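Small disclaimer: the values here were computed from a predicted structure and weren't measured. All values below come from the heavy atoms of this structure, side chains included, with hydrogens, waters and symmetry mates left out.
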Amino acid sequence: MGEEEKRRFAAAPAAQEDALSETASNAREKRGRVRRRWPIAVGCVAAVAALAAAGFFVWHEQPSFCNAICHVPMDNYVEGYYEDETLCANAHYREGTTCLQCHEPKIDEQIAEGIAWVKGDFEVDERGDIATVGVTADEKMCATPECHDMQDVMAATQDWGGEEGVNPHDSHQGTPIDCSNCHGVHKASNMYCNTCHDYETPQGWTDPV
């Protein structure tokens, strides 16, 4: 064996050791990169989930959520809200008021409504509206700082129809009369006072039969 071959033979273990060391170092570096990447991946997934949840919450606030999820019997209510200018619901839409500003979402009620919808345990009338209405609009609901001021409302309807002393918002019947006796938010409003009286009926309203 020549001197050159002896030197190469003697250097082989060192080269092998260097190669093994380099391989181990590369493996450690690769594991390090993997360890550094997983928090980024988790963060991306969390960000996407947060955006999806935020988007769902925003959609949940919109009337379109109601008839997209519960297609029947909510179509009439949503269409009236957006399109029927004779309804109080549409007046609320034009003022930028959403459904949930009046219909406060309560988890127990939403669960009960969801179960009733899945089971079909509800009645509708000939128009397809819910036959049994559990929400009535009263002064407590409507006369809030964000909505209507009853003093302003009463002032606006003083001497109604040119009849001195007549004010449908200052009824002699007092608290038994609430807003929903006259104002049909999702249906035509009705001049309830004309059950007994003969006051001017606003355009688009009905009179008691």
Side-chain angles (χ1 to χ4, degrees), residues 58-114 116-117 121-158 160-161 167-171 173-197 199-209:
V58 170
W59 181 40
H60 175 263
E61 294 280 316
Q62 306 306 311
S64 57
F65 175 85
C66 299
N67 68 330
I69 300 301
C70 303
H71 186 72
V72 176
M74 298 306 298
D75 281 351
N76 288 345
Y77 297 96
V78 175
E79 289 172 8
Y81 175 81
Y82 285 118
E83 299 173 12
D84 191 341
E85 294 185 0
T86 67
L87 299 180
C88 290
N90 183 260
H92 284 84
Y93 163 65
R94 295 194 302 271
E95 291 297 322
T97 303
T98 68
C99 300
L100 295 186
Q101 286 176 258
C102 294
H103 300 283
E104 182 184 355
K106 297 178 181 178
I107 188 64
D108 56 337
E109 292 179 0
Q110 291 185 313
I111 290 173
E113 290 167 0
W117 176 74
D121 187 18
F122 56 87
E123 296 181 15
V124 295
D125 59 22
E126 64 278 0
R127 292 186 65 251
D129 294 338
I130 298 173
T132 302
V133 179
V135 178
T136 58
D138 55 18
E139 189 170 335
K140 180 180 178 181
M141 180 180 185
C142 301
T144 66
E146 298 80 17
C147 297
H148 303 285
D149 184 303
M150 283 306 298
Q151 296 303 314
D152 291 344
V153 171
M154 285 190 288
T157 55
Q158 184 65 42
W160 179 256
N167 192 335
H169 288 110
D170 189 15
S171 172
Q173 293 194 29
T175 54
I177 303 298
D178 62 35
C179 305
S180 57
N181 280 101
C182 291
H183 298 281
V185 178
H186 296 290
K187 61 182 181 180
S189 295
N190 186 51
M191 192 62 181
Y192 179 78
C193 299
N194 285 352
T195 303
C196 300
H197 303 282
Y199 299 150
E200 178 184 353
T201 302
Q203 185 177 359
W205 286 39
T206 61
D207 277 313
V209 177

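Of all the heavy atoms in D207 and M191, the pair that sits closest is OD1-CB, 3.6 Å. For the pair C142 and C147, the tightest heavy-atom approach, listed with the atom from each and the gap, is O-CB, 3.3 Å. A pairwise comparison of heavy atoms in T98 and Q101 identifies N-OE1, 2.9 Å as the closest pair. In terms of heavy atoms, P202 sits closest to E200 at CD-O, 3.7 Å. What you find for Y81 and N90 is that their closest heavy atoms are O-ND2, 3.1 Å. Shortest non-hydrogen contact noted between R127 and N76 is O-ND2, 2.6 Å.
Side-chain contact check for E104 versus K106: some heavy-atom pair is nearer than 4.5 Å.
Of the inter-residue distances, the one linking E139 atom CD with C179 atom SG reads 6.5 Å to the nearest 0.5 angstrom. With rounding to the nearest 0.5 Å, the separation of SG in C193 from CG in N181 is 9.0 Å. Note: Y192 OH to D178 CG = 9.5 Å, rounded to the nearest 0.5 Å. Between atom CZ of residue F122 and atom CH2 of residue W117 there is a gap of 8.5 Å, rounded to the nearest 0.5 Å. Of the inter-residue distances, the one linking E146 atom CD with T97 atom OG1 reads 10.5 Å to the nearest 0.5 angstrom. One distance of note links CG of D129 with CD of E123; it measures 13.5 Å at 0.5 Å rounding.
Counting only distance, with no hydrogens or angles, the side chain of W160 and the backbone of Y199 share no donor-acceptor pair below 3.5 Å. Under a 3.5 Å cut-off, the side chain of Y77 and the backbone N or O of I130 do form a donor-acceptor pair. Remark: the backbone N or O of P208 is not paired with any side-chain donor or acceptor of T195 at under 3.5 angstrom. Between the side chain of H148 and the main chain of T144, no donor-acceptor pair closer than 3.5 Å is present.
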message = As a quick check of understanding, evaluate salt bridge (charged side-chain N to carboxylate O under 4.0 Å, His left out) for D138 and K140, giving each step before the final call.
response = CA-CA 5 Å; D138 55 18; K140 180 180 178 181; over 6 Å; no

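Between the side chains of T201 and N194, a donor-acceptor pair is found at a separation under 3.5 Å.
Below 30°, between 30° and 60°, or above 60°: for H103 and H186 the angle between ring planes is below 30°, a parallel geometry.
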I'd like a table of donor-acceptor pairs (distance under 3.5 Å, sequence neighbours excluded) in which one partner is a side-chain atom from residues 149-156, with atom names and distances.
{"unit_1": "D149", "atom_1": "OD1", "unit_2": "Q151", "atom_2": "N", "d": "2.9"}
{"unit_1": "D149", "atom_1": "OD1", "unit_2": "D152", "atom_2": "N", "d": "3.2"}

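You'll find the ring centres of W205 and H183 inside the 6.0 Å limit.
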